[in-house]
Every structure is written in C-alpha cells, then in structure tokens.
Undergrad: 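Questions regarding the structure given below will be posed in turn.
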Amino acid sequence: MKKTILSLLAMAVTALAFTACSDVPEPYQIPGTGGNSGGGEVAGATGSGQLTDPYNCVAANATGGTADWVFVKGKVSSIKEEYSTQFGNGTFYISDDGTRKNEFYVYRAYYLGNKKFASSDKQIKVGDEVIICGIITNYNGTIETTQNKGFIYELNGVNRGGDPTGSDQTGGEQKGTGTESDPFNVAAAVAKCKAVGETASAESYYIKGIADDDYTVDNFKNVTIDLVDQPGASEKFKIYRAKAADNKNIKEGYKINKGATIVVYGKVVNYYGNTPETVQNEAYIVSVDGQAPEVEGGSDTPTPTPTGEAKGTGTEADPFNVAAIIKYVSGLEADVDTKQDYYVKGIITEIPNNGISTQYNNLTFYISDDKAGTNKFYIFRSKGLNGGDVTENMIKVGDEVVIFGSTWVNYKGNTPETKQGEAYIVSITPGEGGGSNEPGGGGEVSGNALSVTFSDLGMANQEKPSTLTLSDGTTLTFDGGGNTNAPAYYNTGTAMRMYPKNTMTINAGSKKIAAIEIGCDEYNGTLYNASGDITANGTKMTIDGTNLKFTGPNASTATIANTSETTGAPSQLRMKKLKITYAE
C-alpha cells in the first residue's frame, strides 16, 4: 500500500512544472511539509526546491523528476567519478546526514558557477556540504540529475552563482569583429556563442584571450583550455580540443603557461547552452604569445643541413659540436631509436614555452654552435645535472652546456633529437646573459647620439637579457617588474619585447640623457607600442607615428616602463630600435 501511495505521489509531482532556480511563491504543497500533498506525506521530506528553501535528499528522490531546475541540499556521501578536466563534470551521491542512507544521485554535474571543472579547482570529498542546482530525472528507476543539466551551486559555503542559462553572466566589454586583424575578445566570443546557441556556427572566427591555467599537451595532441580577458575573470571561453593549423597534431609535451596570450580560429558553439567553446575538430591554435604552437614532427622543412665544420669524436673529453650531432642523427632512419653513447657541446639558444618542468622533472631546449642559432639541435625532455632533479632557473638562453645522450632519434625524419628521458646535462657554463655585455657590443654613434638596432646585438630567439652594454659604455638593464613574462628578444619581428610592469633602465654613466626615441614594431596592421602606455622616469612618452619619444630627463639614467593594464597585443611594447641623444 505504501509503495502504491509513493508511486502516485511521484506521478503527481512529475506532472507539475517547477519555476527556474529563483525565489518565487511555492506553486503546490511539497511532500513532507504538511497540508494536502495529493498523496500523503513522505516521512523526512523537507524543502520547496528553491534556493532559499532547497529540497533535502528525501524530498528530491520523492519528486520522481522535475520539468525545471531546482535546488537540493545535502552532504557528499560517496563519489563514483571524480571531476575531470577532460569532461568537466563529476558523479557522486549526497544524503541528508552524509551516510549511505536515502542517497540522491548527482550524475555528471558541472562544477561551481555551472562551469566545467578546471585543473585549478578542488576536488569534492566525502563530507562536503553542497547545494546542487539541476533538473531531476527518473532514469530507468533511478532518481538523479540530468546529465550536464546540473551543477554544484554551493560547496562548503562557497558559491560562484551560475544561472542554468548563463544569463547572469553580464561579462566585460565586448571587443573585436572576429577577424584576423581584429579578433573577438572573450566577452565578444561568449556573446557570439550565446547568439549561435547549441548548434555550431556556420562561420569561423578569430578569438584572443589569456590562458586561465597551465596546460601541457598530452597524447591526444590537442589543446583544451579556458581563456579569459583579465587574470582571475569569471567569464570564460573554452578552447576545446584544438589542433594546430592544417589539422596538424601539436607536439606532446608542448606547454602553455597560465597568462599566455592565445589566438584561436574556428567555429563556435554554446555547448549544452552553458559552455561557450570552439567546436571540436573545427578550430586550431593560431599562436601562443605570438608564436605558432610546436607541432608533431617539427617543421615541414627537410632535415636540417648543418652549417660549419663537424667537430669532435663524441667522447666526454672531445664532445661533438652541434654540426656533428646533427650530421649523425639526421643520417638515421626515421623514428628508429638508436642506442649510442655520445657527448655533445653547444649553446642554449631557445627554451620553447619555458621548457623547464620541475613537475615532470625534465628539460626541453635547443642548442647551437653559436648564439645566433646557426645550427639547432633539439634536446627533448632531458634530465638535470648528472641525471639528477630539475630545478627552476637551472638553465637559461646563452648558457653553454655539455649533454650526454644514450638514445637518439630522427623524429619523423626531419627533427634530430634526444629521446625522452635518455639524456642529461653533464655541465653548465653560465652565459653572459644577452647580446653584447662589454663595451663595443652594439650601437652606432653619430655626433651626440647613439642608435641601437636590437637585432644587431647578437641575441638568441627568446633570450631574456639582464644587462646589455652598448658600444659607448651605456647599459640597458631589464627587469620583469613582477610579471612572469620578463623582457625578451624574439626573432619574430626582430624586436625586444616588454610586457606590462616590465622596465628598461638606461644608464649613460657620466653622460646626461637629453632625449630618447623608441622605434616600435608594426606587424599585420598592429602597432606594438603598448597603446602608448609607456613612461620614461614616470612621464608618459609621446606617440609620433611608429615611434615613442621623450625629451629629458637631463640625467644619467632613465627608466622606461610599460604601464599598460590591458592584455595581448595592445599591452606589448616591441622595440626594434632605440636612439639615445646625449646633452651637448
């Protein structure tokens, strides 16, 4: 008899429509709250399913299913599937007292804020107090939240909001037209996804934003990462399983650091009506901090032909130079691991995507025979000194290293490299740190002016100099100013890049500086002058075409600072040339 009453009650409640997750007058009598429920009370059932009066688990199970979104409160009693970044959801049980009695099944529910779970989020644990917002369904006799139609509204007193439709996310200012020269920012991309809806867009768009977390490409060889317009912003756009251009696989182990500026191109969708993202297999990563992502198999160019004389015998006493190791490995059959103990000596010319990983305890970088990178050999995921642990700042561009390798591979027939885990650093001789560090290192003197072209200073790609000494003894000292992206020279654009908070201090010694002029890089219609947010000794520099100018300070030192508070291209200063005029 009791079973019959409960079945009738479930059918009656299912036939009724709830209002959305908001505080509205209760449209009917809730089981267990007294009064006429149409089928009798359910012992222990409380709540009306509204935010201010959520169902307890007994009441949620008694509904038999709901037509709209409701709130359920309880304690996590067991966890079936932990939250994952791959699918963004989790599956677990809750009960009123945290025991296995009268459990309610939370099936594949999103995280706080009705967002997919991110690697920076904390896993739930048994005993956590939660409020769930979702649509309840009866799936083959199991009362549960509908897949991807439920989320954690509150976790141990913490909530991030999260309207089921996403309509409470007003977002920031929308910018961009979605073209290559004027990409959408995250706010505009989210708005476009909401307009498109749950069916993929017919058109593809360029979208630009900041990586909200660190990401390392795994064996799927694509990228899934959230973008934001500002660090810490709640409004996010998801890049979902995007590869490189021409559908090329991105190299496993490729790293994207939190805060990196990413441009993606592809079709978009508002997945399940609550997750703005790119369409799987219909988008690709254009650039990360201005550079195309590293693809599987390296570039499409043939195996590099070493320039210069091959030297050395490969022993510890007489290591190969880079020309010699390229000659040896490029002659191997493609993708065949070749065991042979050799020592190699070279200069670190590039550390792609900050390839110093203490998490995975390996190092990835290029070595060459000279700082200009005439020959490049790929050291892939090597161990630290003498096979030991990797530490932060263990290596830097410009350091001379000796590498021991026991296995070599001509990857895809066009990228000679060491095999992962089969090489280590024997010795590190610190480099001088960037370009010319002694008088006579760079710059052309004409009258009372010194003109510097940064590409003439002999810096390697992505080199982060501390101090450059110019031909007349004037020094340029660079500082990150607290930004994880320190000033760096890039071959792309042949310019010295300064990011927000970065500084460059000019010290002219006994001379006094009368004027400063900076020639900025202009690329693809974008002028990289940090939108004019550049100061010299605290005074904003004047924009003159592609140049920035400052008269003064009539002192021996001047500090150039990037004061931009924006992100991406508008925030970067890319200096191609520098002219310093001294007082007569």
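Numbers here are sequence positions counted from 1. As the structure is a prediction and not an experimental result, all values here were calculated from the model.
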Undergrad: Any luck finding a side-chain donor-acceptor pair between N361 and K383 under 3.5 Å?
TA: no
Undergrad: Would you list the pairs meeting salt bridge (charged side-chain N to carboxylate O under 4.0 Å, His left out) in which at least one residue belongs to residues 197-211, sequence neighbours left out?
TA: none
Undergrad: Nearest 0.5 Å, what's the CG-CD1 distance between D289 and I256?
TA: 9.5 Å
Undergrad: Think K251 forms a cation-pi with Y411, using NZ or CZ under 6.0 Å from the six-ring centre and within 45 degrees of its axis?
TA: yes
Undergrad: What distance separates L527 CG from L548 CG, expressed to the nearest 0.5 Å?
TA: 8.0 Å
Undergrad: Not counting sequence neighbours, which residues clear ring-ring contact (aromatic ring centres under 6.0 Å, His included) with F184? List them please.
TA: Y205
Undergrad: Students often mix this up, so state it plainly: with edges at 30° and 60°, are the rings of F320 and Y342 parallel, tilted or perpendicular?
TA: tilted
Undergrad: Please answer whether the main-chain N or O of K501 pairs with a side-chain N or O of N562 as donor and acceptor at a distance below 3.5 Å.
TA: no
Undergrad: May I have the step-by-step check of side chain to side chain contact (heavy atoms under 4.5 Å, CB included) for I428 and M394, ending in yes or no?
TA: CA-CA 9 Å; I428 304 172; M394 172 175 279; 4.0 Å; yes
Undergrad: Any side-chain heavy atom of I367 sitting closer than 4.5 Å to one from I379?
TA: yes
Undergrad: Without swapping roles, check the side chain of D212 against the backbone of D226 for a donor-acceptor pair under 3.5 Å.
TA: no
Undergrad: Do D337 and T407 pair up side chain to side chain, a donor and an acceptor below 3.5 Å, judged on atom types alone?
TA: no
Undergrad: Quick one: do I560 and L578 satisfy side chain to side chain contact (heavy atoms under 4.5 Å, CB included)? Show the steps, please.
TA: CA-CA 11 Å; I560 309 299; L578 172 68; over 6 Å; no
Undergrad: Testing the basics here: between F377 and I326, what is the closest heavy-atom pair and its distance to 0.1 Å?
TA: CD1-CG1, 3.9 Å
Undergrad: Evaluate the side-chain proximity of K396 to P430: yes if any heavy-atom separation is below 4.5 Å, no if none is.
TA: yes
Undergrad: As an exercise, state the distance from CG of L112 to CG of D121, rounded to the nearest 0.5 Å.
TA: 7.5 Å
Undergrad: Is the shortest side-chain heavy-atom distance between W408 and V344 below 4.5 Å?
TA: yes
Undergrad: Do N386 and Y424 come close enough that some side-chain heavy atom pair is under 4.5 Å?
TA: yes
Undergrad: Would you say V401 and F365 make side-chain contact, with heavy atoms under 4.5 Å?
TA: yes
Undergrad: Have T453 and S455 got a donor and an acceptor in their side chains that come within less than 3.5 Å?
TA: no
Undergrad: Report the residues that fulfil side-chain contact (heavy atoms from CB on, under 4.5 Å) with E282, sequence neighbours left out, ordered by chain and then residue number.
TA: K267, V279
Undergrad: Hey, could you give me the NZ/OG distance between K345 and S427, rounded to the nearest 0.5 Å?
TA: 7.5 Å
Undergrad: Is it true that a side-chain atom of D399 and a backbone atom of I348 form a donor plus acceptor pair closer than 3.5 Å?
TA: no
Undergrad: Okay, side chain of T91, backbone of K80: is any donor-acceptor separation there less than 3.5 Å?
TA: no
Undergrad: Heavy atoms only: give me the nearest I225-A211 pair and the separation to one decimal.
TA: CD1-CB, 3.7 Å
Undergrad: Can you name the nearest heavy-atom pair linking I207 to A189, along with the distance?
TA: CG2-CB, 3.8 Å
Undergrad: Supply the atom-to-atom distance F404 CZ to E316 CD, rounded to the nearest 0.5 angstrom.
TA: 9.0 Å
Undergrad: Kindly compute the distance separating CE (M496) from CZ (F478), expressed to the nearest 0.5 Å.
TA: 4.0 Å
Undergrad: Using side-chain heavy atoms (C-beta onward) and a distance below 4.5 Å, is F87 in contact with E81?
TA: no
Undergrad: Holding to side-chain hydrogen bond (donor to acceptor under 3.5 Å, both in side chains), I want the full list of residues that pass it with S119, two or more places apart in sequence or in another chain.
TA: D213
Undergrad: For K255 and D214, run side chain to side chain contact (heavy atoms under 4.5 Å, CB included): C-alpha distance rounded to whole Å, both residues' side-chain angles, the deciding distance at 0.1 Å, then the answer.
TA: CA-CA 8 Å; K255 291 179 61 179; D214 295 329; over 6 Å; no
Undergrad: Determine whether F454 and L476 make a side-chain contact, defined as any pair of heavy atoms from C-beta on separated by less than 4.5 Å.
TA: yes
Undergrad: Could you tell me whether a side-chain N or O of N410 sits under 3.5 Å from a main-chain N or O of E333, the two making a donor and an acceptor?
TA: no
Undergrad: Counting C-beta onward and ignoring hydrogens, is there a side-chain heavy-atom pair between L227 and I262 closer than 4.5 Å?
TA: yes
Undergrad: Taking all heavy atoms of S531 and all of P570, pick out the closest pair and write down the distance.
TA: OG-O, 2.9 Å
Undergrad: If you compare all heavy atoms of V329 against all heavy atoms of E417, which two are closest, and at what distance to 0.1 Å?
TA: CG1-N, 4.0 Å
Undergrad: How would you list, by chain and number, every residue that makes a ring-ring contact (aromatic ring centres under 6.0 Å, His included) with Y83, sequence neighbours excluded?
TA: Y111, F117
Undergrad: How close do Y240 and Q280 get, heavy atom to heavy atom, and via which atoms?
TA: CE2-OE1, 3.5 Å
Undergrad: Looking at Y265, is its backbone amide N or carbonyl O close enough to the side chain of S204 to form a donor-acceptor pair, meaning the two atoms are under 3.5 Å apart?
TA: no
Undergrad: Can a donor-acceptor pair be found, under 3.5 Å and without considering hydrogens, that links the side chain of T475 to the backbone of T469?
TA: no
Undergrad: Return yes if some donor-acceptor pair links the side-chain N/O of N529 with the main-chain N/O of I518 below 3.5 Å, else return no.
TA: no
Undergrad: Determine yes or no for a side-chain-to-main-chain donor-acceptor pair under 3.5 angstrom, with N321 supplying the side chain and D369 the backbone.
TA: no
Undergrad: How would you list, by chain and number, every residue that makes a side-chain hydrogen bond (donor to acceptor under 3.5 Å, both in side chains) with D218, sequence neighbours excluded?
TA: none
Undergrad: Any donor and acceptor pair, going by atom type alone, linking the side chain of T364 with main-chain N or O of R381 inside 3.5 Å?
TA: yes
Undergrad: Please test E277 against K116 for side chain to side chain contact (heavy atoms under 4.5 Å, CB included), starting from the C-alpha separation and ending with a verdict.
TA: CA-CA 11 Å; E277 62 182 40; K116 290 186 178 181; 3.4 Å; yes
Undergrad: Give a yes or no on this: more than 12 heavy atoms of other residues, nucleotides or ligands lie within 6.0 Å of atom NZ of K577.
TA: no
